[in-house]
2 protein chains.
Amino acid sequence: MKRPKKIRQEALVQSIKENPFVTDEELAAEFSVSVQTIRLDRLELSIPELRERIKHVAVKTFDDEVKSLPIDEVIGEIIDIELDERAISIFDVKPEHVFQRNQIARGHHLFAQANSLAVAVMNDELALTVKSELQFLKPVKAGQRLVAKAQVVDRNPEKNRAYVKVVSSVDQVTVFIGTFEMYRMTEQSEGDEE
Amino acid sequence: MKRPKKIRQEALVQSIKENPFVTDEELAAEFSVSVQTIRLDRLELSIPELRERIKHVAVKTFDDEVKSLPIDEVIGEIIDIELDERAISIFDVKPEHVFQRNQIARGHHLFAQANSLAVAVMNDELALTVKSELQFLKPVKAGQRLVAKAQVVDRNPEKNRAYVKVVSSVDQVTVFIGTFEMYRMTEQSEGDEE
DNA sequence: ACTCATATTAGTACCAAGTGCTAATAGCGG
DNA sequence: CCGCTATTAGCACTTGGTACTAATATGAGT
């Protein structure tokens, strides 16, 4: 028993990380030590008690929820919009948006910003994307700010179509171009397709 | 004081929904009643105690996290893959993926599934999307299961390019087609652009 | 083998935020 | 004024701890 303490404490950290909902009693059983030992371990490792752990997790969720609701409607933040004409949004690329391996933003985030901006610029109850062509010109990295500019380039009211071009750039350099053919959903046509 | 009870209980429900972290004591102060009254109210309304409320929120987060971590690398779940050849993934469309207004899945989720599958099928350390063409053929609704099939259709090793076609379907019906021109990132070329 | 430090266990008092129960009191409508 | 609901109070008990003290192992060095 030279270093079973260190080993146990490492396992303890791991165990609690995997399941923060475990009580000292359960941990004591798991490691075949007394509850007091577990308490001392937590003390040394500055691991808070069960209720505090749970609360932290809960607070995080709660905050996330409140935050993600508005974010959900448009990916990025709209800073200028003229309905049916053009719109601009910004999106800050954070570590969670990139490939871990090379810090390059994953394509679907660029697409999501552009596509949701294309939806937003449409002056309709709701618009759906029908077709799209994308060009990923330069890699975007974590920490950079993506500015997407959408422009309605053409309309075809009879077919309920509009065409939107979105150009995204970082520091004035174009990194992404997308064109979107949008279907304008009108009251009567809404919900009557398969 | 004919119906202040009903009114108070409605306000109580609202109050706890807004802030699940509130104690009976704080609630008692808020409504100027005794702690016991609050307890009776919770009993009648089947609102669990603070710790249980917190735990529920936390469990939800925790579950979400465990789910979203692996999902982060590939959107959807890969159920079959033959590197450099083809791959299949499934993605269950949930309420959070659709427009609230008409329950139709937002385009970037279809794109994300297809694009990340295209990345996964590449037998490289990492691949980037260069160009893409998308067709959104039919709307997809919450509750449906998207099956995406990716096929590597062409290769151009000199230019580090590969072409992937992804077809997504719901119940054997094609709802989305995407073609992706992928850049194969090799060891030496990695990180030397921009 | 003895000693000393560290590790572990045990036990007590106390806390928060409750549940569960009984009992007393308030308020008001008929 | 009676009766009913609503409210309040009080007490014992529960969980999952903290904080602290004290006893006991255990193991390593000399």
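A, B, ... follow the sequence lines: proteins, then strands. Residue 1 opens every chain.
Atom CZ in A:Phe21 sits about 17 Å away from atom C1' in D:dT15, given to the nearest Å. Rounded to whole Å, atom C1' of D:dA22 lies 13 Å from atom CG of A:Leu40. One can place CD1 of A:Ile16 at 13 Å from C1' of D:dG17, the figure rounded to the nearest angstrom. C:dA7 atom P lies 13 Å from atom CG of A:Leu43, rounded to whole Å. Atom CD in B:Glu49 sits about 6 Å away from atom P in C:dG18, given to the nearest Å. Between the C1' atom of D:dG17 and the CD1 atom of A:Ile38 lies a distance of 14 Å, rounded to the nearest Å. Rounded to whole Å, atom P of C:dT9 lies 13 Å from atom CZ of A:Phe31. For the pair A:Arg42 CZ and C:dA7 P, the interatomic distance rounds to 18 Å; values are reported in whole Å.
Listed pair A:Thr23 / D:dG16 fails the phosphate criterion, with no side-chain N or O lying under 4.0 Å from OP1 or OP2.
Comparing B:Ser32 and A:Ile47 by the nucleotide of DNA chain D whose heavy atom lies nearest to each, the residue mapping closer to the 5' end is B:Ser32.
Without hydrogens or angle criteria, B:Arg53 side chain to B:Pro20 main chain gives a donor-acceptor distance under 3.5 Å.
For A:Ser34, the listed nucleotide lying nearest its side chain is C:dA10; candidates were D:dG16, C:dA10, C:dG18. Distance from the side chain of B:Gln36 is smallest for D:dT8 among the nucleotides C:dA10, D:dT8, C:dA17.
With hydrogens and angles left out, the side chain of A:Arg39 and the base of D:dT18 share no donor-acceptor pair within 3.5 Å. Put simply, the side chain of B:Arg51 and the base of C:dA16 share a donor and an acceptor less than 3.5 Å apart.
Between the side chains of B:Thr129 and B:Ser132, not a single donor N or O lies within less than 3.5 Å of an accepting N or O.
No side-chain heavy atom of B:Asn19 sits less than 4.5 Å from a side-chain heavy atom of B:Ile16.
The aromatic ring centres of B:His108 and A:His108 sit 6.0 Å or more apart.
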Run the salt bridge (charged side-chain N to carboxylate O under 4.0 Å, His left out) test on A:Asp84 and A:Arg184 for me, step by step, so that the C-alpha distance in whole Å, both residues' side-chain angles and the decisive distance to 0.1 Å come before the verdict. CA-CA 11 Å; A:Asp84 253 344; A:Arg184 316 194 79 143; 2.8 Å; yes
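Within 4.0 Å of B:Val35, counting heavy atoms only, lies no atom of the nucleic acid at all.
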